[in-house]
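Supplied in structure tokens, the structure appears directly below.
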Amino acid sequence: MTSPSPIRWGILGTGFIAGLQTQDLNENGFTVQAVGSRSLESSKAFAGQYGVTTAHGSYEALVADPDVDVIYIATPHPFHHANALMALNAGKHVLVEKAFTMNAHQAQEIVALAEAKGLVALEAMWTRFLPHMIRIRELIQEGAIGEVRKVVASHNQSLPKDPAHRLNDPALGGGALLDLGIYPISFAFDILGTPAAIRASTSMTATGVDRQTAAILDYPGGQQALVDCELDAASANRAMVIGTEGWIDIEHTWYNPVPFTVHAVDGSVIERYDQPVNSRGMQYQAAELERLVRAGSTAGTILPPSESVAIMAAMDEIRRQIGLRYDSDAVLEGNDND
């Protein structure tokens, strides 16, 4: 038997997260063929650092490269939508950094185009694909903690305070919610699904983005998810899934490949999970994308495109409640006035 031809990756963007993903691809046997940047100098530097064969001086040249099959989109949030549409229109599958887009409307446009073209559009929520999360879903399905009643998850970091930094700049999709809150919100969706109602509260920065945001997600069966995020103060960043027969305690930092413990209601340990992974763990989302491509499928079960759209819709509702507005919302407001 002959092994299948390698799926060739192109990296769109040369920032910090692009480097992390590329390193994990390299260390785990994936084929990184090309990189593209708005600056040829930056692209060449990235290619030299990570051993990438081809360096392109524009995103357009990268997506047009016939030797590239998949584009990993690692630009700031406001550019995901345009970058993904460009890559899909060039016939490339896409792995799009989270948050998937700025809003649900943009997310739906990406998903619809991918489906129409028979291409994969996968959100790069790497936590979903880690081994400890797979085991947690198995335990819940097996009834190890009874009926799930509550999800609690935090993501708080002490990040750069410079008002000009992208995290503090509304024009670049700054704020705690899109960068940090996406993790606990996606986790709530993973365990409990789409909420019926959301209640949110925030504290804003002087630059007009959310400094800290907390939300309660309510579900039809009475379940709740309590999620919070903050960009100027750190915490233990743990998570719990609480059920009628016990709870799962995921250690610091829960969205990384870390141990977790399953407790019975009396506090005794049912299971202790501690499985180290190679590299940072971002290779698992790449493996899922390649699996979908080889299967000829555009949607998996761990994070289907429709759920990425629903997550963005939930974040839209949180932003509406807390008054966090971005330039990309103006297009939607314009449509509403037609």
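For the numbers below, each heavy atom of this structure counts, side chains included, while hydrogens, waters and symmetry mates do not.
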S43 (side chain) donor-acceptor with V35 (main chain) under 3.5 angstrom: yes

Hphob cluster co-occupancy, F79 + V63, side-chain heavy atoms under 4.5 angstrom: no

Verdict with reasoning, K161 to D232, per salt bridge (Lys or Arg N to Asp or Glu O under 4.0 Å): CA-CA 7 Å; K161 309 298 190 294; D232 64 354; over 6 Å; no

Closest heavy-atom pair and its distance - L122, F129: CD1-CZ, 4.0 Å

Step-by-step side chain to side chain contact (heavy atoms under 4.5 Å, CB included) determination, D329 to N103: CA-CA 8 Å; D329 298 326; N103 53 54; 3.8 Å; yes

Criterion side chain to side chain contact (heavy atoms under 4.5 Å, CB included) against W126, the qualifying member of N256, L95, I17: N256

Student check: side-chain heavy atoms of E41 and K44 closer than 4.5 Å: no

Qualifying residue, where the test is side chain to side chain contact (heavy atoms under 4.5 Å, CB included) with C229 and the options are T213, I185, L178, T202: T213

Q283 CD to N28 CG distance, which is reported to the nearest 0.5 Å: 4.0 Å

side-chain hydrogen bond (donor to acceptor under 3.5 Å, both in side chains) assessment of T207 paired with N168: CA-CA 6 Å; T207 61; N168 304 305; 5.1 Å; no

Polar side-chain atom of S58 near backbone of A61 as donor-acceptor pair, under 3.5 Å: yes

Euclidean distance, H165 NE2 relative to L159 CG, rounded to 0.5 Å: 7.5 Å

Hydrophobic cluster identity match, L180 and L177, side-chain contacts under 4.5 Å: no

pair I182-E123: side-chain heavy atoms closer than 4.5 Å: yes

Heavy-atom side-chain proximity of I110 to F100 below 4.5 angstrom: yes

Pairwise side-chain contact, T298 with L119, heavy-atom cut-off 4.5 Å (strictly under): no

Atom pair CD1 (I322) and CD (Q212), whose distance is rounded to the nearest 0.5 Å: 10.5 Å

Basic-acidic side-chain contact under 4.0 Å: D65, K92: no

E251 atom CD, over 12 foreign heavy atoms within 6.0 Å: yes

D67/R8 salt bridge by N-O under 4.0 Å criterion: yes

Under 3.5 Å: donor-acceptor pair, side chain of H80, backbone of A99: yes

Hydrophobic cluster identity match, L217 and W247, side-chain contacts under 4.5 Å: no

Nearest heavy-atom neighbours spanning V120 and S297: CG2-O, 3.3 Å

Any M133 side-chain heavy atom under 4.5 Å of Y255 side chain: no

Parallel, tilted or perpendicular, as decided by the 30° and 60° cut-offs, for the rings of Y50 and F46: tilted

Hphob cluster co-occupancy, L172 + M102, side-chain heavy atoms under 4.5 angstrom: no

Heavy-atom pair of closest approach, residues V209 and L324: CA-CD1, 3.8 Å

Worked check of salt bridge (Lys or Arg N to Asp or Glu O under 4.0 Å) between D169 and R166: CA-CA 5 Å; D169 186 351; R166 73 163 188 87; over 6 Å; no

Atom pair CZ/CD1 of R199 and I318 - distance to nearest 0.5 Å: 12.5 Å

Distance-only polar pair, side chains of Q21 and Q285, donor-acceptor under 3.5 Å: yes

Whether over 12 other heavy atoms sit under 6.0 Å from E138 CD: yes

Ion pair K98/D179, N-O distance below 4.0 Å: no

Residues H263 and D249: side-chain donor-acceptor under 3.5 angstrom: no

E230 side chain vs N156 backbone, donor-acceptor pair below 3.5 Å: no

Heavy-atom side-chain contact between T261 and E271 under 4.5 Å: no

Test: E142 and R135 ion pair at under 4.0 Å: yes

Main-chain N/O of G13 paired to Y72 side chain as donor or acceptor, under 3.5 Å: no

E290 and W9, any side-chain heavy atoms less than 4.5 Å apart: yes

Test item: L25 and I11 side chains (from C-beta on) under 4.5 Å apart, heavy atoms: yes

Shortest non-hydrogen separation from P184 to G181 and the atoms involved: CD-O, 3.2 Å

Euclidean distance, I248 CD1 relative to I136 CD1, rounded to 0.5 Å: 5.5 Å

side-chain hydrogen bond (donor to acceptor under 3.5 Å, both in side chains) between T253 and N237, worked out: CA-CA 5 Å; T253 299; N237 290 330; 4.7 Å; no

Residues R149, E147: salt bridge by 4.0 Å N-O rule: yes

Minimum-distance pair of heavy atoms, taken over all atoms of E307 and R128: OE2-NH2, 2.6 Å

Hydrophobic cluster identity match, M240 and I191, side-chain contacts under 4.5 Å: no

Backbone of M282 reached by a side-chain donor or acceptor of D24 within 3.5 Å: yes

Distance-minimising heavy-atom pair for H132 and I250: CD2-CG2, 4.0 Å

Main-chain N/O of A236 paired to H252 side chain as donor or acceptor, under 3.5 Å: yes

Residue pair T14, S42: steps toward the side-chain hydrogen bond (donor to acceptor under 3.5 Å, both in side chains) verdict: CA-CA 7 Å; T14 55; S42 175; 2.7 Å; yes

Inter-residue atom distance H81.NE2 - Q108.CD, 0.5 Å rounding: 10.5 Å

CZ (R294) with more than 12 external heavy atoms under 6.0 Å: yes

